[in-house]
Amino acid sequence: MIDSVYLVQPRIAHGPHVPCDDSLRGRRIERIARAGKQVRISLSGGWTLVVHLGMTGRLIVTAADESPAKHTHLRIAFRGEPVELRFCDPRRFGGVWLVDGNPDEAKGWIGRRIPPVAADPLRISLAQWRKLIARPRQIKALLLDQNPLSGVGNIYCDEALHRAGIHPLTRAADLSPAASRKLYHALRRVLTEAIALGGSSVSDYRNAQGAPGQFQTRHRVYGREGQPCRRCRTPIIRLVVAGRGTHICPKCQRLR
DNA sequence: CGCATTTCCTGGAGGC
DNA sequence: TGCCTCCAGGAAATGC
């Protein structure tokens, strides 16, 4: 049961309600689920605390008496339990939203809106996938856009495109049925494997216990500029696509 | 509609 | 050692 709430940096909180003693004291955490890139913490009374880690955000459970790490923006303490749930985010691209009811239908707004949550690549069929990506857009820009498809970020996008042998600038609608199917399976494999290994800790990511992920050791292109492609030994190159650093093997991922 | 650019923010890296 | 500049990126806003 939540006992006290300290919003150290109010600017990271958005939505209809502000996390504070008055709004959260006495509520219990009933369920924690992932939705796209968000962590949704369901509380008693039908409220939900939505957390987006952005790039450098962390949700950590620590001893209540441990001095807070730099850039700790939210601290939640529990009655009779010597632990705190803390949200830390040095670059503040993440955020928290406290909503009364369904986060997807929240009304009455303070600050940023909750990023969209649409179809999850791990929960759609190949037929649904084909429909969603049949658009005249760069495949990388489409995968990073959370509106048609949610949960794919820069690392897993690059990794999936390499495994499928697809250039990030390819027009999604121009992908052959075989290439589209290949990408569907490659993306699902990358996400499944990354989740199993606890994510990619390139710089900041840590899980709730403070441990880093291990998927970065399986990266085939991301962060490997100049190093040999694990399939054909050609040096990995870096370009910018959709405003993001993009890593490809120029031989395995040809345009056209 | 698509797409490039800018903005938010800080730590780490590189240059001098 | 210290100061400066640049860069990383999730997602929204802006302009074409």
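Because the structure is a prediction, the values reported are computed rather than measured. Chain letters run A, B, ... following the sequence lines, proteins first, then strands; residues in each count from 1.
Proximity of A:Arg11 to the phosphate of B:dC8: no side-chain N or O atom is located under 4.0 Å from OP1 or OP2. Note on A:Lys70: a side-chain N or O is less than 4.0 Å away from OP1 or OP2 of B:dG11. Between A:Tyr222 and the phosphate of C:dG9, there is a side-chain N or O to OP1/OP2 separation shorter than 4.0 Å. In this model, the phosphate group of B:dC9 is not approached by any side-chain N or O of A:His71 to a distance below 4.0 Å at OP1 or OP2.
Side chain to side chain, A:Thr56 and A:Asp89 meet the donor-acceptor criterion of an N or O pair below 3.5 Å. Donor-acceptor pairing under 3.5 Å is lacking for the side chains of A:Arg86 and A:Thr72.
The interatomic distance linking A:Arg113 (CZ) with C:dG10 (C1') rounds to 17 Å, in whole Å. Rounded to whole Å, atom C1' of C:dG10 lies 15 Å from atom CG of A:Asp158. Rounding to whole angstrom units, CD of residue A:Glu225 and C1' of C:dA8 are separated by 13 Å. Note: NE2 (A:His52) to P (C:dG9) measures 15 Å, nearest angstrom. The CZ atom of A:Arg92 sits 19 Å away from the P atom of C:dA12 (whole-angstrom rounding). The distance between atom CZ of A:Arg171 and atom P of B:dC3, rounded to the nearest whole Å, is 9 Å. Protein atom CE of A:Met55 is 12 Å distant from nucleotide atom P of B:dG12, rounded to whole Å. In this structure, CG of A:Asn147 is placed 15 Å from P of C:dG10, rounded to the nearest angstrom.
Closest contact between the side chain of A:Arg238 and the listed nucleotides B:dT10, C:dA11, C:dG9 involves C:dG9.
A:Asp158 has no carboxylate O lying under 4.0 Å from a charged side-chain N of A:Arg238, or vice versa, which leaves the two without a salt bridge.
DNA chain B is contacted by both A:Gly243 and A:Phe93; A:Gly243 maps to the nucleotide lying nearer its 5′ end (nearest heavy atom per residue).
A heavy-atom distance below 4.0 Å to DNA chain B is reached by these residues of residues 134-146 of chain A, ordered by number: A:Arg135, A:Pro136, A:Arg137, A:Gln138.
On a pure distance criterion of 3.5 Å, no polar donor-acceptor pair joins the side chain of A:Arg112 and the base of C:dA12.
Annotation: side chain to side chain donor-acceptor pair (under 3.5 Å) contacts of A:Gln253 (sequence neighbours excluded): none.
Ring geometry, A:Trp129 versus A:Tyr184: the interplanar angle falls from 30° to 60°, so the pair is classed tilted.
For A:Lys37, the NZ atom counts as densely surrounded, since its 6.0 Å shell holds more than 12 non-hydrogen atoms of other residues, nucleotides or ligands.
The side chain to side chain contact (heavy atoms under 4.5 Å, CB included) test with A:Tyr222 is passed by exactly one of A:Ile236, A:Ile155, A:Thr246: A:Ile155.
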